[in-house]
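Predicted model only: the values in this text are computed from it and were never measured. Index from 1, following the sequence.
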Amino acid sequence: MPSQRKAGAALGYANIVVKNVVNLLYTPMLLAFVGQGEYGVYQTTYQFVLTLQLLSFGFSGAYVRFYTQRKAAGDEAGVRALNGMYLVLYLAICAIAVIVGLVFSGLCAAIFGDSFTTVEVDLAQILMAIMTFNVAATLLSTVFDGYIVAHERFTFQQTRQMFTTLATPGLALALLACGMGAVGVAVAQLAVSLVLLALNARYAVGRLGMRFSVRHPDKRLFFALAAFSAWLFANQITDLMSMSLPSVVLGAVSGAAVAAVFAIAVQLRTLFYAVSTALSNVFVPLVNRIVATSDDNGELTRLMARVGRYQALLYCWVLGGFVLLGRWFVRVWAGEAYADAYWLTLAMAVPLTVPLIQNVGIEIQKAKNRHKARSVTYLVCSLLNLALTYFLAPRLGYWAPAIGFSSYVVVATWLFMNWYYHCRIGLDMVFFWRRVLPVLAVCAGATAVCCAGAALLPVDGLAAFLGWGAAYSALYAALAWLFALDEGERAGVRKALAKVMKMGKGRGTK
């Protein structure tokens, strides 16, 4: 499915561009409609409700691996049994999620009463109830989404994501204009999630022929799934503790206004994640297929290094551009009250460079069933993140979760994971870094030169923003061409440009 992977990656990056453009317009409008306090309540509640995703117990990340093994063995009955088991599991999980979420909704006063006003507590209660059903719809959709990914139907997957990117803010703004406030945003998210569930189910069952067998449950399959998923569940706990709970702790300790500033930084941080995962996600089935057939560490190392270079080229370009232009952008986009979100984002995005150019390695670990050590290490480091947030938040406010997150990333992903990949998984990380370091050097050079120039001609308006953006991009491309790309990659760029020019000429003759 090389064409599907290429199309999926291209559409993934198109989604990132569209999402950024939408956020440029949507977030300031949302802040204008609801205000800083209500926005802080919305974001804090949203992060809290995300804890319900833990109820999936890691099963969502196991599907592609078990499907690939059965497909490689030609076991169609096993595939149907796997599908049936997932359907039953997730129906039960969704029912539990709704019950637990509604209980949380009833306890909002006890959870947030010390830092939220009475009006904010009432709002949080309503939002939590609506978001609970949104999480349930998202969880059930996982059953069909896993089957679609296993078939490498990335075009459909990314097209559906494009729909989400456009439909959610469009519907939300319509409801905001009707005076529904943050409740309207939550209702819009729920409506889009229900539509996506219907689309996924229809495509998987109708187009791809997904079938279910629930009459004779396979106990051995269930226990194998449970054993594999247990450590993925630990990863989910880690992600919750490092990504979501710090925002909840900050809101509970420091109030909604402080949480709102950090929420803007978290939103920007999410976009940095998207830059990386848009490419790595399309290689998940290929990694599982290599491990299931040959388990060749040399081939896996070369794949990780090749994808890592592409990720580094794009991620570093975005990161350097944010260093140069982000301070003015955040002030204009979110407002002066959120100016510190620029520094908060940098404090988290710079350390993320390493894990976000190595995330194919995570899929290699999972495919090899060697993800236990990562789960344990991440879990311990996420506890450090939470502890730093809790103890530092009263004195440092929104800087506390940023410090905790950066510490977690450096210890867990920089130090431990590179040692583990090399010494335990068997990947050649010396080869990986020899291939990637030139890209990091190019980014550092282009960013340093442009920042020095911007000190003389500051980014203080749209013209300067566009001018410096173009200058930085041109310098980055030139340095990458001269010092980072190898001859094969330059040939690929020339081929792509020639194809584009040929298409342009063809249209011009019509």
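- Between His151 and Tyr67, the ring planes are tilted. Angles from 30° to 60° get that label.
- Leu313 contributes atom CG, which lies 10.0 Å from atom CD1 of Ile357 (distance to the nearest 0.5 angstrom).
- Using a 3.5 Å distance cut-off with no hydrogens or angles, the side chains of Arg160 and Asn200 do pair a donor with an acceptor.
- Contact check on Arg331 versus Asp340 returns no salt bridge, with no Lys/Arg side-chain nitrogen under 4.0 Å from an Asp/Glu carboxylate oxygen.
- Contact detail for Ala191 and Leu171: the closest heavy-atom pair is CB-CD2, 3.8 Å.
- Using modelled atom types, one finds a donor on one side chain and an acceptor on the other under 3.5 Å when comparing Asn83 with Tyr63.
- Taking the six-membered ring for Trp and the full ring otherwise, Tyr203 and Phe144 have centroids separated by 6.0 Å or more.
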Determine, stepwise, if the pair Val459 / Arg327 fulfils side chain to side chain contact (heavy atoms under 4.5 Å, CB included). CA-CA 9 Å; Val459 180; Arg327 193 172 184 181; over 6 Å; no
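- The backbone N or O of Val205 sits less than 3.5 Å from a side-chain atom of Arg211, completing a donor-acceptor pair.
- Closest non-hydrogen pair, Ala137 versus Ser193, comes out as CB-CB, 4.2 Å.
- Proximity of a side-chain donor or acceptor of Thr353 to a complementary backbone N or O of Val350 within less than 3.5 Å is detected.
- For Arg65, there are no side-chain hydrogen bond (donor to acceptor under 3.5 Å, both in side chains) partners two or more places apart in sequence or in a different chain.
- To the nearest 0.5 angstrom, Leu166 atom CG is 10.0 Å from Gln161 atom CD.
- Smallest separation of non-hydrogen atoms from Cys381 and Tyr408: CB-CD1, 3.5 Å.
- Between the CG atom of Leu319 and the CG atom of Leu324 there is a distance of 11.5 Å, given to the nearest 0.5 Å.
- A ring pair (Phe, Tyr, Trp, His ring centres under 6.0 Å) with Phe322 is found for one member of Tyr342, Phe329, Trp343, Trp317 and no other, namely Tyr342.
- A distance-only check finds a donor-acceptor pair linking the side chain of Ser382 to the backbone of Leu379 [under 3.5 Å].
- A search for side-chain hydrogen bond (donor to acceptor under 3.5 Å, both in side chains) contacts involving Ser375 returns Asn235, not counting sequence neighbours.
- In this pair, Tyr338 and Tyr39 present their aromatic rings perpendicular. The plane angle is above 60°, beyond the 30 to 60° band.
- The backbone N or O of Leu457 sits less than 3.5 Å from a side-chain atom of Trp468, completing a donor-acceptor pair.
- Between Tyr472 and Tyr476, the ring planes lie tilted relative to each other; the angle falls in the 30° to 60° range.
- For Gln125 (side chain) and Asp122 (main-chain N/O), no donor-acceptor pair under 3.5 Å exists by modelled atom type.
- With a 6.0 Å cutoff to the six-membered ring centre and a 45° limit on the axis angle, Arg269 counts as a cation-pi contact of Phe405.
- A heavy-atom distance below 4.5 Å is found between the side chains of Leu175 and Val187.
- Judged by distance alone, with hydrogens and angles left aside, the side-chain atoms of Ser105 form no donor-acceptor pair with the main-chain N or O of Gly101 at under 3.5 Å.
- The ring of Tyr86 has its center no closer than 6.0 angstrom to the ring center of Tyr147.
- In this structure, OG1 on Thr159 lies 11.0 Å from CG on Leu199, to the nearest 0.5 angstrom.
- Rounding to the nearest 0.5 angstrom, the gap separating the OH atom in Tyr390 from the CG atom in Asn385 is 15.5 Å.
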Any chance you could lay out the side chain to side chain contact (heavy atoms under 4.5 Å, CB included) test for Phe112 and Met128, step after step, and finish with the verdict? CA-CA 12 Å; Phe112 300 111; Met128 196 171 289; 4.1 Å; yes
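- In this structure, CG in Leu140 is found 4.5 Å from SG in Cys94, a value given to the nearest 0.5 Å.
- In plain terms, the two heavy atoms of Leu388 and Ser407 that are nearest each other are CD1-OG, 4.0 Å.
- Counting only distance, with no hydrogens or angles, the side chain of Asn134 and the backbone of Ile130 share no donor-acceptor pair below 3.5 Å.
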Going through the checks in order, is the side chain to side chain contact (heavy atoms under 4.5 Å, CB included) test met by Leu225 and Phe66? CA-CA 8 Å; Leu225 273 170; Phe66 282 82; 3.7 Å; yes
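- Nearest heavy atoms, Ala341 versus Ile264: CB-CG2, 3.7 Å.
- The backbone N or O of Leu139 lies less than 3.5 Å from a partner atom in the side chain of Thr142, making a donor-acceptor pair.
- Between Leu176 and Gly181 the shortest heavy-atom distance is CD2-O, 3.1 Å.
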Would Glu38 and Tyr42 count as a side-chain hydrogen bond (donor to acceptor under 3.5 Å, both in side chains) here? Give the steps. CA-CA 6 Å; Glu38 190 170 340; Tyr42 170 79; over 6 Å; no
Could you go through Gln311 and Asn359, starting from their C-alpha distance and side-chain angles, then the distance that decides it, and tell me whether this counts as side chain to side chain contact (heavy atoms under 4.5 Å, CB included)? CA-CA 10 Å; Gln311 289 175 314; Asn359 46 23; 2.8 Å; yes
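- Between Trp328 and Phe465, the ring-plane angle classifies as tilted under the 30° and 60° cut-offs.
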